[in-house]
Amino acid sequence: MKTVICNWKMNPKSFDEAKRLFAATKKLSLTTKGTDIVVLPPTIFLRELAKSYRGVRIEFGAQHVFWEQEGSHTGDTSPAQVRDSGATHVLIGHAERRILGETDAQVRMKVAASLELKLDVIIAVGERERDAHGEHIQQVREQIVTALADAPPARYKNITIAYEPVWAIGAAFAPDAHEVHQMMLLVRKTIRDTYGERAFKLIRVVYGGAVNKENAEAIFAVPDLDGVLIGRASLDPTQLESIIKAAQ
Ligand code: 13P
């Protein structure tokens with residue numbers, strides 16, 4: 001089954017709007033079967049949304065998390081608090097967090113702390129830019145290898161790697177299907193080479209960055225792809241509907 005992960009980022013501005021957006025998303029989930037939908041709202045809306053919509057087929061997650069379960073960490077949210085809010089997922093290492101200073105080593109600690117509480121982790125990786133020498137490949141490999149270093153094999157089933165090239169996030173165009181496929185293969189090969197067959201079989205891999213209703217069919221036709229992570233399109237029910245249909 002394909003997964004559509006909706007990263008609302010810092011949208012919308014009010015809880016009333018968030019409820020309306022979620023209602024539209026929920027409606028789509030009811031009319032379109034056979035696709036897993038995960039919504040990542042701003043943390044401040046998370047508990048209320050998750051509580052009001054218990055039992056709906058949609059799952060909830062946080063957009064980032066700290067690596068300790070409690071303590072003096074102003075402004076942060078712990079995996080324990082995410083779990084307690086009713087969420088089941090957490091996104092870790094998004095480019096928009098890395099740009100503020102989040103490091104591979106921190107991503108590794110956040111992944112371990114979240115898996116300890118059996119949260120499903122979505123680990124975002126991706127190069128800032130491409131260069132002719134293929135250095136971006138090394139960068140993506142390192143992000144994956146470090147992020148998974150403390151993940152217990154028993155929790156591999158709770159892991160998704162989201163390949164999101166930074167240059168495609170918020171951009172007009174996604175890479176073409178061939179490029180997406182090449183990177184899916186690289187991600188899977190890195191997982192297999194470093195963590196073995198079990199990790200290769202259980203860890204899911206999705207693509208993110210400029211997915212929209214125009215390119216969704218082509219992206220879902222990529223072999224070895226378990227789903228998509230969408231930003232802007234998750235805020236627009238018309239876009240979202242086309243993407244969910246393409247996923248089916
Ligand atoms: P866009 O879909 O808006 O390009 O954002 C992608 C993204 O960052 C999802 O996490």
Side-chain angles (χ1 to χ4, degrees), residues 2-13 18 21-22 24-25 28 35-43 45-46 58-65 82 87 89-102 107 110-111 114 119-130 136 139-140 143-144 147 159-177 179-180 183-184 187 204-220 222 225-247:
K2 305 281 187 199
T3 305
V4 176
I5 306 164
C6 301
N7 179 9
W8 288 3
K9 306 193 177 183
M10 202 172 68
N11 301 293
K13 277 195 209 136
L21 177 59
F22 186 77
T25 307
L28 291 174
T35 307
D36 284 330
I37 299 177
V38 181
V39 174
L40 313 176
T43 309
F45 300 150
L46 192 54
I58 298 177
E59 292 188 282
F60 290 93
Q63 298 172 11
H64 74 107
V65 78
V82 169
H89 288 62
V90 65
L91 174 62
I92 298 173
H94 191 279
E96 287 153 10
R97 307 291 319 169
R98 291 185 190 258
I99 224 153
L100 298 176
E102 189 170 72
V107 168
K110 292 173 180 201
V111 168
S114 301
L119 285 164
D120 285 337
V121 301
I122 302 151
I123 305 167
V125 301
E127 75 280 5
R128 284 207 189 165
E129 53 193 16
R130 294 214 170 161
H136 63 281
Q139 193 185 345
V140 172
Q143 288 173 340
I144 297 169
I159 299 174
T160 298
I161 301 284
Y163 169 67
E164 290 203 304
V166 182
W167 48 270
I169 295 173
F173 299 104
D176 67 28
E179 278 179 89
V180 172
M183 292 308 287
M184 292 294 117
V187 171
R204 294 164 62 82
V205 186
V206 303
Y207 168 77
V211 178
N212 56 37
K213 63 182 166 62
E214 277 78 36
N215 61 23
E217 290 229 353
I219 288 174
F220 274 109
V222 170
L225 175 117
D226 293 312
V228 292
L229 172 56
I230 56 175
R232 287 159 296 169
S234 69
L235 306 173
D236 174 348
T238 316
Q239 290 273 346
L240 183 60
E241 182 173 18
S242 302
I243 293 170
I244 294 173
K245 286 206 169 119

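Atoms within each ligand, like the ligands themselves, are counted from 1 in listed order.
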Should [X] be counted as touching ligand 1, given the test is an N or O pair under 3.5 Å?
{"X": "Gly170", "result": "yes"}
{"X": "Gly209", "result": "no"}
{"X": "Leu91", "result": "no"}

Given Leu240 and Val4, is the side chain to side chain contact (heavy atoms under 4.5 Å, CB included) satisfied, shown in steps? CA-CA 9 Å; Leu240 183 60; Val4 176; 4.2 Å; yes
Specify the protein heavy atom at minimum distance from [atom]: its residue, its atom name, and the distance to 0.1 Å.
{"atom": "atom 6 (C) of ligand 1", "answer": "Glu164 OE2, 3.5 Å"}
{"atom": "atom 2 (O) of ligand 1", "answer": "Gly231 N, 2.9 Å"}
{"atom": "atom 5 (O) of ligand 1", "answer": "Lys9 NZ, 3.3 Å"}

Measure the spacing between [atom1] of [X] and [atom2] of [Y] and express it to the nearest 0.5 Å.
{"X": "Lys245", "Y": "Leu28", "atom1": "NZ", "atom2": "CG", "answer": "8.0 Å"}
{"X": "Ile230", "Y": "Lys9", "atom1": "CD1", "atom2": "NZ", "answer": "10.5 Å"}
{"X": "Leu91", "Y": "Asp120", "atom1": "CG", "atom2": "CG", "answer": "12.5 Å"}

Using a 4.0 Å cut-off to any heavy atom of [X], which atoms of ligand 1 qualify?
{"X": "Arg232", "value": "1 (P), 2 (O), 3 (O), 4 (O)"}
{"X": "Ile169", "value": "4 (O), 5 (O), 8 (O)"}
{"X": "Ala210", "value": "1 (P), 2 (O), 4 (O)"}

Given Thr160 and Val205, is the side chain to side chain contact (heavy atoms under 4.5 Å, CB included) satisfied, shown in steps? CA-CA 6 Å; Thr160 298; Val205 186; over 6 Å; no
Under a 4.0 Å N-O cut-off, is there an ion pair linking Arg130 with Glu179? yes
Can we say Lys110 and Glu102 salt-bridge, meaning some charged N sits less than 4.0 Å from an Asp/Glu carboxylate O? yes
Given that the side chain starts at C-beta and the backbone is N, CA, C, O, which of these parts of Asn7 lies under 4.0 Å from ligand 1, counting heavy atoms, or is it both or neither? side chain
Less than 4.0 Å is my threshold; does some heavy atom of Gly208 fall inside it relative to ligand 1?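 Under 4.0 Å: no for Gly208.
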So does Trp8 get a backbone contact from the side chain of Asn11, meaning a donor-acceptor N/O pair under 3.5 Å? yes
